[in-house]
Amino acid sequence: MSHVHVSNTGRIWKVFAILSAVTIIEVFLGIIKPDFLFMTDFLGMNLLNWIFYALTVYKAYYIVWAFMHIEGETSTLRSSVVYPLIFLILYLLFILLTEGHYIYEVFKNSSITWNF
């Protein structure tokens with residue numbers, strides 16, 4: 001039996017283009033900070049930050065999908081890898097936002113001064 005080597009050069013350039021486009025969008029939004037995104041609050045944070053989180057999670061998922069070869073696995077294995085990661089990322093985001101808001105309110109409404 002002989003194994004045929006298939007070149008993935010086109011696929012690599014496609015992944016590079018998609019990840020570069022998402023990064024360029026993130027950098028562009030971070031530089032110009034549109035007021036309709038930056039001044040609009042949604043669930044305790046402005047929409048621009050939510051967009052950054054969503055794009056970052058998308059990039060992380062796509063890196064796992066492309067470079068860790070998850071797309072070639074069975075759907076059960078994909079689900080068992082991806083769903084816990086998405087849940088943990090969302091849970092960590094919830095904890096960070098909740099605790100960050102609490103600490104901000106404690107320092108804002110008390111006599112304790114900001115020492116950091």
Side-chain angles (χ1 to χ4, degrees):
M1 297 183 93
S2 66
H3 297 281
V4 177
H5 177 70
V6 178
S7 176
N8 286 326
T9 305
R11 184 174 176 275
I12 291 171
W13 281 109
K14 178 184 171 191
V15 170
F16 174 74
I18 290 172
L19 293 175
S20 296
V22 173
T23 302
I24 288 169
I25 291 170
E26 286 178 334
V27 170
F28 180 72
L29 287 175
I31 290 172
I32 65 167
K33 290 185 184 176
D35 285 339
F36 69 94
L37 294 175
F38 189 64
M39 298 299 181
T40 305
D41 284 339
F42 178 70
L43 295 176
M45 212 169 39
N46 62 39
L47 282 177
L48 189 60
N49 284 350
W50 284 111
I51 290 172
F52 286 145
Y53 286 131
L55 290 174
T56 302
V57 168
Y58 173 77
K59 282 195 321 186
Y61 175 78
Y62 197 70
I63 288 169
V64 170
W65 180 264
F67 293 120
M68 298 178 124
H69 309 291
I70 294 294
E71 80 272 15
E73 301 296 338
T74 62
S75 64
T76 307
L77 180 62
R78 280 192 304 236
S79 300
S80 67
V81 170
V82 172
Y83 293 159
L85 288 175
I86 290 173
F87 172 75
L88 289 173
I89 289 169
L90 293 175
Y91 182 66
L92 179 63
L93 185 62
F94 169 77
I95 295 285
L96 289 172
L97 291 175
T98 304
E99 295 300 320
H101 181 69
Y102 171 75
I103 290 172
Y104 174 76
E105 289 297 322
V106 165
F107 279 110
K108 185 176 109 177
N109 297 326
S110 71
S111 61
I112 301 173
T113 60
W114 294 88
N115 59 359
F116 51 90

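Screening residues 72-95 for ring-ring contact (aromatic ring centres under 6.0 Å, His included) gives no qualifying pairs among residues at least two apart or on separate chains.
In this structure Glu26 satisfies the salt bridge (Lys or Arg N to Asp or Glu O under 4.0 Å) test together with Lys59, sequence neighbours excluded. For Thr9, the side chain to side chain donor-acceptor pair (under 3.5 Å) criterion is met by Ser7, not counting sequence neighbours. Residues meeting the side chain to side chain donor-acceptor pair (under 3.5 Å) test with Arg78, sequence neighbours left out: none.
Between the side chain of Asn46 and the backbone N or O of Asn49 there is at least one donor-acceptor pair closer than 3.5 Å. The closest donor-acceptor contact from the side chain of Ser20 to the backbone of Ala17 lies at 3.5 Å or more, if one exists at all.
Atom CD1 in Ile25 sits 10.0 Å away from atom CD1 in Ile51 (nearest 0.5 Å). Of the inter-residue distances, the one linking Ile70 atom CD1 with Ile63 atom CD1 reads 13.0 Å to the nearest 0.5 angstrom. Interatomic distance, Leu90 CG to Ile95 CD1, rounded to the nearest 0.5 Å: 12.0 Å.
Through side-chain heavy atoms spaced under 4.5 Å, either directly or across other Ile, Leu, Val, Met, Phe, Trp or Tyr residues, Ile12 is tied to no other residue.
The two residues Ser79 and Pro84 come nearest to each other via the heavy atoms O-CD, 3.6 Å. Scanning all heavy atoms of the two residues, the minimum distance from Val57 to Ile89 falls at CG2-CG2, 3.7 Å.
Classified by interplanar angle (parallel below 30°, tilted 30° to 60°, perpendicular above 60°), the ring pair Tyr58/Tyr62 is parallel.
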Show the numbers, then the answer: is there a side chain to side chain contact (heavy atoms under 4.5 Å, CB included) between Phe67 and Val15?
CA-CA 9 Å; Phe67 293 120; Val15 170; 3.6 Å; yes
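Side chains of Val82 and Leu85 form no contact here, defined as non-hydrogen atoms less than 4.5 Å apart. In this structure the side chain of Phe52 never reaches within 4.5 angstrom of the side chain of Leu47, judged on heavy atoms.
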May I have the list of side-chain donor-acceptor pairs in residues 30-39 shorter than 3.5 Å, sequence neighbours left out?
none

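Placement of Tyr61 and Phe16 in two distinct hydrophobic clusters is found when ILVMFWY residues are connected by side-chain heavy-atom separations under 4.5 Å, directly or transitively.
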